[in-house]
Amino acid sequence: MKQLIPTGSEQHRGAASDAATVADRQAFPDNRGESIAQRKLMDGSAQGPRAIAQHAFSDQIHGSARMLAQRKEMAVVSGETVQRRSGEEPSRQEGMPVQRMVEPDEEVPQAPVLDEPVVVDAPAAPALAPALNDGIINAAAAMQARLAAPIAERLAESLAQQEDELEADIARMPGGTTDLRSYQNLLLDLTETQITEAIDNAYGNPFILHGYLANTLDYTSCYPAAERLLSLLGVTGSPQEQNGGQGPTIHGSAQQLVLMTGLTNAMQARAAAHQPTIFHIGLAGHGFILIVRQNRVEHLEAVAHSADLMESIENAPQFTMADIVEYLHAMVDPDEGERTRGADEMNWNAEPLGLLDPDVDPHDWLLKYYGLVWRSRPLAPVQEISRRVAARIRANRAAVITGLGL
């Protein structure tokens with residue numbers, strides 16, 4: 001390769017330039033070591049330039065629109081105060097004096113008075129667009145409302161999601177076999193085993209499948225229906241499961257009042273502890289469900305020959321804790337008028353329920369001596385309830401289709 005050799009004049013100019021450079025270097029003290037040491041010292045300071053730059057960069061990230069939106073959404077859902085960062089509350093730079101490199105021949109400046117700090121302004125986070133902010137708040141409110149909705153609404157919602165399939169099943173059945181409401185009631189009330197074996201525990205009718213679909217009220221039974229709801233909605237095997245009451249006892253007796261006090265104390269304790277709980281109660285000749293969720297009590301039941309489970313779901317009766325405690329205690333009061341009033345408040349008929357002392361044979365235990373018994377379990381989370389109900393409906397549909405030969 002041909003190499004270019006500098007001419008004599010070029011060599012002379014280069015030598016002159018090198019000499020000038022050397023002269024320039026000699027004109028300034030060599031403070032490189034001191035500068036490096038000073039930078040290391042400053043970098044190690046919490047108020048150094050690098051630390052301040054890092055804080056500013058962190059505020060840019062955590063003060064971004066996306067991060068603010070997420071924090072606000074989670075705060076609204078959990079009911080906490082929205083925590084804000086850069087641009088909304090004092091940043092970490094406030095109160096920190098500005099730092100700069102000090103030249104060797106300068107006098108070291110005194111730190112500014114902290115009462116009047118020089119502040120490094122971090123970039124303010126962009127405000128959320130009104131539409132986006134409203135959307136987040138509305139979504140969070142909808143989520144809260146959904147979680148707080150009555151359990152009856154969750155049951156009805158699960159049934160409604162499969163209405164098209166249920167209507168298709170009915171269309172394949174022989175004419176007049178059933179209607180949508182009766183079919184929904186059977187799918188939610190009974191278990192797959194009962195449908196498969198075609199036997200109801202309460203009646204032992206071998207034609208339960210056809211009979212239930214055609215005449216639902218003739219096969220509706222309060223206590224077994226409530227017992228099945230306890231299994232469907234409660235957490236089985238929980239250490240918080242409780243049992244109480246006793247039977248038989250005479251209505252209006254001091255003993256029954258003590259038993260009722262035990263039940264209502266348990267209900268109020270679960271409410272005070274914010275522990276949603278399902279109570280399966282047998283009082284006199286009736287069995288029913290009370291669901292305690294803080295100060296609200298939901299009532300679910302089926303009434304033999306009178307009201308199926310779907311009626312209770314559609315009406316979704318609710319009471320405050322204070323009211324339900326009053327009505328329950330009234331139904332074990334020594335005074336028949338009070339027992340009647342308590343039953344009326346619950347929309348029951350006191351005499352057929354067995355709350356009154358009828359003029360009949362005292363050995364008729366069902367009317368006079370049936371006591372107060374109850375069980376409770378923690379209520380399953382609402383999402384789990386939806387999953388369980390959907391699973392029961394699918395399994396029961398398959399059993400019905402097989403049982404009817406569709």
Side-chain angles (χ1 to χ4, degrees), residues 77-79 140 142-162 184-195 201 222-245 263-282 287-302 308-321 324 373-399:
V77 171
S78 62
M143 181 183 298
Q144 283 187 314
R146 180 177 172 80
L147 293 177
I151 297 301
E153 287 188 16
R154 186 56 58 103
L155 300 178
E157 180 182 276
S158 297
L159 289 166
Q161 289 174 350
Q162 302 193 37
Q184 288 176 323
N185 200 78
L186 178 143
L187 294 177
L188 186 60
D189 181 17
L190 300 186
T191 65
E192 180 184 7
T193 300
Q194 289 173 317
I195 296 174
N201 293 337
C222 61
Y223 200 92
E227 192 170 33
R228 290 188 288 266
L229 280 177
L230 178 70
S231 299
L232 180 65
L233 305 179
V235 178
T236 305
S238 168
Q240 296 178 337
E241 185 170 341
Q242 293 180 289
N243 295 276
L263 167 61
T264 55
N265 283 349
M267 293 172 58
Q268 292 176 95
R270 298 282 74 78
H274 301 281
Q275 296 175 346
T277 304
I278 178 170
F279 287 81
H280 172 210
I281 303 169
F288 56 98
I289 289 291
L290 293 179
I291 298 174
V292 173
R293 301 172 78 190
Q294 297 188 34
N295 191 45
R296 184 179 64 208
V297 181
E298 301 170 41
H299 178 203
L300 294 175
E301 66 180 348
D308 59 26
L309 187 59
M310 288 300 299
E311 181 171 330
S312 179
I313 291 172
E314 292 168 352
N315 294 330
Q318 298 183 57
F319 305 92
T320 65
M321 178 60 71
I324 197 70
V373 293
W374 60 271
R375 288 187 296 166
S376 72
R377 292 176 180 172
L379 184 70
V382 289
Q383 297 90 340
E384 172 65 11
I385 288 174
S386 293
R387 187 197 66 77
R388 290 184 186 185
V389 172
R392 171 175 283 192
I393 293 173
R394 285 194 301 269
N396 284 356
R397 276 189 64 212

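Note that these values count all heavy atoms, side chains included, but never hydrogens, waters or copies made by symmetry.
Across all non-hydrogen atoms, the minimal contact from Thr277 to Ser376 is CG2-CB, 3.9 Å. A pairwise comparison of heavy atoms in Asn185 and Met310 identifies OD1-N, 2.9 Å as the closest pair. Shortest non-hydrogen contact noted between Val292 and Ala271 is CG1-CB, 3.9 Å. Of all heavy-atom pairs between Ala152 and Ala316, the closest is CB-CB, 3.8 Å. Gly287 approaches Tyr223 most closely through the heavy-atom pair CA-CD1, 3.8 Å. Minimum heavy-atom separation, Pro378 to Ile278: O-CG2, 4.4 Å.
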Extract all donor-acceptor atom pairs below 3.5 Å that involve side chains of residues 231-239 and protein atoms in other chains or at least two apart in sequence.
residue: Thr236; atom: OG1; partner: Arg377; partner atom: NH1; Å: 3.4
residue: Ser238; atom: OG; partner: Gln240; partner atom: N; Å: 3.1

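Here the side chain of Glu298 pairs a donor or acceptor atom with the backbone of Ile151 at under 3.5 angstrom. Checking side-chain atoms of Arg293 against main-chain N and O of Leu379 turns up no donor-acceptor pair under 3.5 Å. Although no hydrogens or angles enter the test, the distance criterion places a donor-acceptor pair under 3.5 Å between the side chain of Ser158 and the main chain of Arg154. The main-chain N or O of Asp308 is never found under 3.5 Å from a side-chain atom of Glu311 such that the two would form a donor-acceptor pair. The backbone N or O of Asp189 sits less than 3.5 Å from a side-chain atom of Arg228, completing a donor-acceptor pair.
In this structure, the separation between CG on Leu230 and CD1 on Ile291 is 10.0 Å, given to the nearest 0.5 Å.
Partners of Gln294 according to the side chain to side chain contact (heavy atoms under 4.5 Å, CB included) rule, which considers only residues two or more places apart in sequence or in another chain, are His274. Applying the side-chain hydrogen bond (donor to acceptor under 3.5 Å, both in side chains) rule to Gln318 yields the partners Arg296; only residues at least two apart in sequence or on another chain are considered. Under the rule for a salt bridge (Lys or Arg N to Asp or Glu O under 4.0 Å), Arg394 has no partner lying at least two apart in sequence or in another chain. Judged as a ring pair (Phe, Tyr, Trp, His ring centres under 6.0 Å), and not counting sequence neighbours, the contacts of Phe288 are His286, His299, Trp348. Contacts of Gln268 classified as side chain to side chain contact (heavy atoms under 4.5 Å, CB included), with partners at least two apart in sequence or in another chain: Thr264, Asn265, Met321, Val325.
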* To do: Could you go through the salt bridge (charged side-chain N to carboxylate O under 4.0 Å, His left out) check for Glu192 and Arg392 one step at a time?
  => CA-CA 8 Å; Glu192 180 184 7; Arg392 171 175 283 192; over 6 Å; no
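Gln162 is not listed as a side-chain neighbour of Gln184, based on a closest heavy-atom distance of 4.5 Å or more.
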